[in-house]
Structure formats: structure tokens, C-alpha cells
Amino acid sequence: MAQLSDDCFAHGGALTRLDAALAELSRRLVPIASIETLALAQCHGRILAEPLVAKVAVPPRDNSAVDGYAVYHDDLSRDGETRLPVIGRAAAGHPYSQPQPRGTAIRVLTGAVMPLGEAGSHPDTVMMQEDCTRDGDSVLIKPGIKRGANRRLAGEDLKAGQTVLPAGRILTAPALALAAAGGHDALRVRRPLRVALISTGDEVHQPGSTLPDGGIYDANRPLLAALLTAAGCAVSDLGIQPDKRDHLAKVFAEAARRHDAVITSGGVSTGDEDHVKAAIEMQGRLDFWRLAIKPGRPVALGLVNGVPFFGLPGNPVAAMLTFCFFARPLLQLLNGAVPLQPRSFPVAAGFSYKKKADRREWVRVSLRDDGRGGWRAEKYPVDGAGVITSLTRTDGLIELPEDLLRLEPGTPARFYPYESLGL
Ligand code: AMP
Ligand code: MG
């Protein structure tokens with residue numbers, strides 16, 4: 001398994017733009033997820049570990065795209081009907097075994113390979129059966145068809161030896177179809193990163209338990225477990241752990257022994273009761289990445305006995321955003337995937353908003369049809385980093401770039417639907 005350097009998460013502590021932080025960390029991180037060979041049927045959602053090369057051309061032979069008649073285009077009259085004798089038949093999987101003589105037609109069905117030719121030329125065109133008239137043993141063909149019509153060329157999808165997909169691609173359903181068409185029944189893929197998930201906080205309790213005074217139920221584990229699973233990680237739920245330095249140190253060390261990465265929420269502010277930092281520093285190194293984003297707190301990154309550690313903020317909205325825009329791309333790199341930028345599209349703001357310079361902000365919004373074929377984004381009135389209903393009652397996020405200072409109604413803005421963030 002690849003090794004991370006001891007200082008791969010080192011950070012000077014200065015406020016850092018998100019893009020710069022991701023670019024810097026991308027240079028330092030290497031895939032650590034191990035590689036296995038897996039039957040194609042098991043590969044959906046996995047990450048390709050090596051470039052995939054087509055073993056055969058797709059399609060392997062020139063073939064007919066329709067039901068009709070294979071002909072030599074040079075045999076067709078330009079201005080009148082052509083009558084050709086139909087001398088044979090080819091269906092998908094049943095090629096015509098002889099060369100097709102000039103001046104003839106062969107009945108072909110969709111997917112049948114084009115008959116071989118003779119004397120240096122070959123049947124190159126297929127007449128759709130709807131465009132010709134069968135008359136006993138011959139077929140009457142109207143003029144005007146283009147050379148090569150209705151013929152699919154060998155290798156028009158893939159050439160043999162061509163790279164089908166690069167390493168790092170997530171294997172979607174169409175990617176599996178392409179791999180199969182190219183002759184692969186098994187692929188070299190990354191094993192899912194084994195991630196230990198922990199909530200911290202003396203006030204945090206398991207839903208279903210009796211809530212003591214001052215307690216809250218743990219919202220972050222279900223949130224992060226779902227996001228991690230959707231990102232292709234194998235999640236171990238290590239529960240809720242109290243704010244006790246020595247105890248946390250033991251839990252983290254044990255988690256690191258059996259996982260490829262450890263992710264926690266809570267306990268990484270600089271309050272008196274934030275013991276995560278001290279716990280990590282008993283056995284490794286922790287750096288606080290102060291990202292110029294809102295909502296979001298510093299995200300703590302470190303290594304526990306060589307295993308990457310991600311400490312996310314405790315507030316659920318901040319935990320979610322720092323996961324989606326920062327931790328997930330880093331986990332994808334560790335997982336050997338090429339991180340994909342979530343899809344966004346432009347909408348018009350339906351509200352005014354002021355923000356600080358040099359900080360990226362995300363505003364929770366609902367979309368309204370503007371009646372003119374566009375969308376207007378309305379801001380959710382409550383925007384605390386802990387308000388979970390602000391996520392369930394809205395459609396997505398507007399991203400306000402670092403250099404923007406104010407938004408007015410009608411200003412174009414970039415909208416991320418929650419679906420595109422994998423929520
Ligand atoms: P912290 O990051 O530990 O300072 O926590 C910030 C806020 O998030 C506090 O109000 C915590 O009670 C809250 N919080 C921490 N962990 C969770 C959790 N797992 N579920 C819901 N809220 C949490
Ligand atoms: Mg706490």
C-alpha cells in the first residue's frame with residue numbers, strides 16, 4: 001500500500017482559499033486504497049485502478065444498422081431505380097459466408113456483418129427495407145441514397161488497443177457496458193477505503209436513548225455515513241465518543257489500526273472541551289486547515305500512526321459542507337479516484353446579500369420558476385450552521401465566489417442542486 005509522508009497535511013495556519021488548499025493537498029496525497037481484481041458484475045461504483053484498454057474493436061466488424069439490403073453503392077443508378085437480384089441473407093451472428101458479387105443485393109438484418117466484397121471493392125451501403133420494394137428474387141432501389149448509409153464501421157466506437165477509460169474513473173453503468181463491449185469480464189479496481197466514523201461530544205447521544213438535560217441526538221453520523229457510503233467508502237460506525245483526551249486517544253489509535261482513514265465530527269474548535277487535537281497529538285500530528293469558507297470551521301487534518309485523520313466541525317451544516325467541498329475530494333484522491341467537480345448551473349439571485357471579501361460562501365436556497373424559462377433562487381431565512389431544516393426545506397446551494405462582495409436581485413449566481421453534491 002502507498003505511504004503518505006508524515007507532513008502531508010502540514011499547514012501554516014493562515015486562512016487559505018478552498019481551491020488553493022485542495023490543489024496543495026492534491027499534490028501531496030497519493031492513493032492508499034489497495035487494488036483487487038473483481039468480476040465486472042461487482043464493479044458498479046468502484047474506481048478503476050488501471051487504465052482500461054479495449055481488447056477488441058467495437059464493433060468488431062462493419063455491420064448493418066438497419067433491416068434492409070447490402071449493396072455496392074457503385075452499382076446504383078443515380079437518376080433511376082436500380083433492380084438487383086437478392087442472392088443471400090445475413091442476420092446478426094450469422095454472416096453471409098461468400099464474397100458478395102458485384103451487381104447483387106444481400107438481405108441483411110440489424111447487426112449482421114457486412115458481406116465481404118470482391119475485386120478490390122466491397123458492399124458499402126445498406127438500403128433500409130422501408131426505402132425499397134421487394135419483387136420476387138430482386139429488390140427495386142430508389143435513387144439518392146448516400147454511400148455508406150446505414151453501415152456501422154468496425155472500430156467506430158473503440159479501436160482494439162485504445163484506452164477505453166483512464167485510471168481513477170468511477171465505474172458507472174455505461175462504463176461497465178463499454179468495458180464489456182471491449183472484452184473485459186473482470187477489472188482492476190480499488191478496494192473501498194475503509195473509513196472509521198466517530199461522533200465526539202459529551203452532549204451527543206444515540207437517537208432512541210433517553211436524552212438527558214443538555215443532551216442532543218447525534219445527527220452527524222447518519223449524515224456522514226450516507227455521504228461516505230455514496231462516495232464509495234466502506235464505513236465502520238464507531239459510535240459516539242466522550243470529550244476525554246485519553247479515551248479519544250485510545251479510540252483513534254484502535255480505529256487507525258483497522259482502517260485506511262478516520263473521520264470525526266465535533267471537538268475541533270479551540271474551546272476548552274475540544275480534546276481531539278490533544279488526543280491526536282499524543283500519537284501523531286494534527287494541523288488545522290483554516291479555510292476561507294462559510295459556513296465551515298477549521299477542518300483538522302492529521303495522521304494517527306500513519307493513517308489520515310479528518311476532524312470535521314460539529315454543527316451538522318458545517319460538517320456537511322466541509323465534507324462535500326473539502327474532505328470528499330481528499331478521500332477520493334486517497335481512494336485513487338479523480339475527483340469530479342459537482343455539477344452546477346447558473347440561476348438568478350432573488351435576494352440581496354452582502355459578504356466579506358476573500359471568502360467563499362454557500363447560501364441555502366429554494367428555486368422558483370421565474371415564468372420566463374429561468375430560475376430564481378430565494379434564500380432560506382435561517383442560516384445557522386446547525387439548522388438542519390435549512391437543508392431539508394431548500395433545493396441546493398448558491399456559491400458566492402471569493403471576490404464577490406454583494407449580491408442583488410437578478411445577479412447571476414452558480415447553483416448546486418443537493419443531488420449534485422451527493423446528498
Ligand atoms: P463542536 O464542533 O464540538 O464545538 O460542536 C459545535 C456544535 O455542533 C455544538 O453545538 C455541538 O453540540 C453540535 N454538535 C456536535 N456534534 C454533533 C452531532 N453529532 N450532531 C448534532 N450536533 C452536533
Ligand atoms: Mg464539542
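As the structure lists them, so they are numbered: ligands from 1, and atoms in each ligand from 1.
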Under-4.0 Å salt bridge between Asp6 and Arg285: no

Cation over ring face, Arg393 and Tyr380, 6.0 Å, 45°: no

Atom NZ of Lys250 with >12 non-hydrogen neighbours under 6.0 angstrom: no

Those residues that, when tested against Val113, pass side-chain contact (heavy atoms from CB on, under 4.5 Å) (two or more places apart): Arg61, Pro95

Show me a pair-per-line table, with atom names and distances to 0.1 Å, of protein N or O atoms that are under 3.5 Å from an N or O of ligand 1.
from     : atom 1 : to     : atom 2 : distance (Å)
ligand 1 : 2 (O)  : Gly314 : N      : 3.0
ligand 1 : 3 (O)  : Gly267 : N      : 2.8
ligand 1 : 4 (O)  : Ser269 : OG     : 3.2
ligand 1 : 8 (O)  : Gly314 : O      : 3.4
ligand 1 : 8 (O)  : Asn315 : N      : 3.1
ligand 1 : 8 (O)  : Asn315 : OD1    : 3.4
ligand 1 : 12 (O) : Glu203 : OE2    : 2.5
ligand 1 : 14 (N) : Gly314 : O      : 3.3
ligand 1 : 19 (N) : Asp218 : OD1    : 2.7
ligand 1 : 19 (N) : Asn220 : ND2    : 3.3
ligand 1 : 20 (N) : Ala219 : N      : 3.0

Thr392: partners by side chain to side chain donor-acceptor pair (under 3.5 Å), with sequence neighbours left out: none

With sequence neighbours excluded, residues passing side-chain contact (heavy atoms from CB on, under 4.5 Å) with Asp19: Arg360

